[in-house]
Amino acid sequence: MIRGFLSDVLAKWKRFRWQGLVKVWAVFMAIALVLLVESLGVHYGVTRFDITYLDRNKAIPAANAIAGGKATNLLVVDSSQEGVSDAEAMLDQILLDMKVPTTTVDVADENAEFPALTHYSTIVVAMPNLDRLGEHVLQIMQWAKKGGGVMFAMTPEKTRLFGCDRPADRH
């Protein structure tokens, strides 16, 4: 009886059209079983990291950190030029976030005095047209040549001070 059953199953298997596909499926199932057994034996450990934040009462706000400090940065602006006021507001916030004590000079103000550059380590020029600086451009260039740092926060326009010495080159 068992022999008859086995011979029937074997005869049907030989006539089965998808024998090759079943063999491939059996190989994949064997691989899956091996991987399952392997993964059951592997245990992963996780390292716990504790992130400690600065206490709220120990954190010093930027405005307090630079208050009363000697200004090391000079911000030169000309509020009469287009877009300079927006740039000044952004630069003020950036310099505050960086906790850099800054003095701002507006050359549009006729009463404003241009300070001595020796007191500063960096000058940020935030104006596209440098003609309003006049002689101060030469002071800034000499100061930078001696080791001072100058940053132009806005792209300088071509003017008589910046390479346009012919009337045809001027806008």
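- Between the CE atom in Met154 and the CD atom in Glu82 there is a gap of 8.5 Å [rounded to 0.5 Å].
- In this structure, the side chains of Ser79 and Val84 stay at 4.5 Å or more apart for every pair of heavy atoms.
- In the hydrophobic clustering of ILVMFWY residues, with side-chain heavy atoms under 4.5 Å counting as a link, Val125 and Met90 come out apart.
- Hydrophobic side-chain contacts under 4.5 Å tie Tyr53 into a cluster, directly or through other members, with Ile51.
- In this structure, NZ on Lys14 lies 9.5 Å from CD on Gln19, to the nearest 0.5 angstrom.
- Residues satisfying the side-chain hydrogen bond (donor to acceptor under 3.5 Å, both in side chains) test with Asp97, not counting sequence neighbours, are Gln93.
- Put simply, the side chain of Lys70 does not reach to within 4.5 Å of the side chain of Pro101, judged on heavy atoms.
- Residues Val124 and Val76 have side chains not in contact (no heavy-atom distance under 4.5 Å, counting atoms from C-beta outward).
- Take Glu88 and apply the side-chain hydrogen bond (donor to acceptor under 3.5 Å, both in side chains) test, not counting sequence neighbours, and it matches no residue.
- The main-chain N or O of Thr72 is found under 3.5 Å from a side-chain atom of Ser121 such that the two form a donor-acceptor pair.
- Counting heavy atoms from C-beta on, the side chains of Ile123 and Ile140 come closer than 4.5 Å.
- Grouping Ile, Leu, Val, Met, Phe, Trp and Tyr by side-chain contacts under 4.5 Å, direct or through others, puts Leu95 with Ile94, Met98, Val100.
- Here the side chains of Leu133 and Asp131 are not in contact, with every heavy-atom distance at 4.5 Å or above.
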Test Phe152 against Met127 for side chain to side chain contact (heavy atoms under 4.5 Å, CB included), laying out the working first.
-> CA-CA 8 Å; Phe152 293 93; Met127 63 176 79; over 6 Å; no
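- Here salt bridge (charged side-chain N to carboxylate O under 4.0 Å, His left out) pairs that include residues 98-114, with residues two or more places apart or in two chains, are Glu110-Arg132.
- Inter-residue side-chain proximity for Leu74 and Thr102 is flagged as unmet; no heavy-atom pair is nearer than 4.5 Å.
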Go through the steps for Thr104 and Asp92 under the test side chain to side chain contact (heavy atoms under 4.5 Å, CB included), then give the verdict.
-> CA-CA 9 Å; Thr104 303; Asp92 282 340; 4.0 Å; yes
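- Of the inter-residue distances, the one linking Leu117 atom CG with Lys146 atom NZ reads 9.5 Å to the nearest 0.5 angstrom.
- Of all non-hydrogen atoms in Trp143 and Tyr120, the two that sit nearest each other are CZ2-O, 3.1 Å.
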In sequence, state the C-alpha distance, the side-chain angles, and the governing distance for Phe114 and Val105, and then conclude on side chain to side chain contact (heavy atoms under 4.5 Å, CB included).
-> CA-CA 7 Å; Phe114 204 82; Val105 175; 4.1 Å; yes
Donor-acceptor pairs are to be reported for all side-chain atoms of residues 22-36 against protein atoms at under 3.5 Å, with residues two or more places apart or in another chain.
none

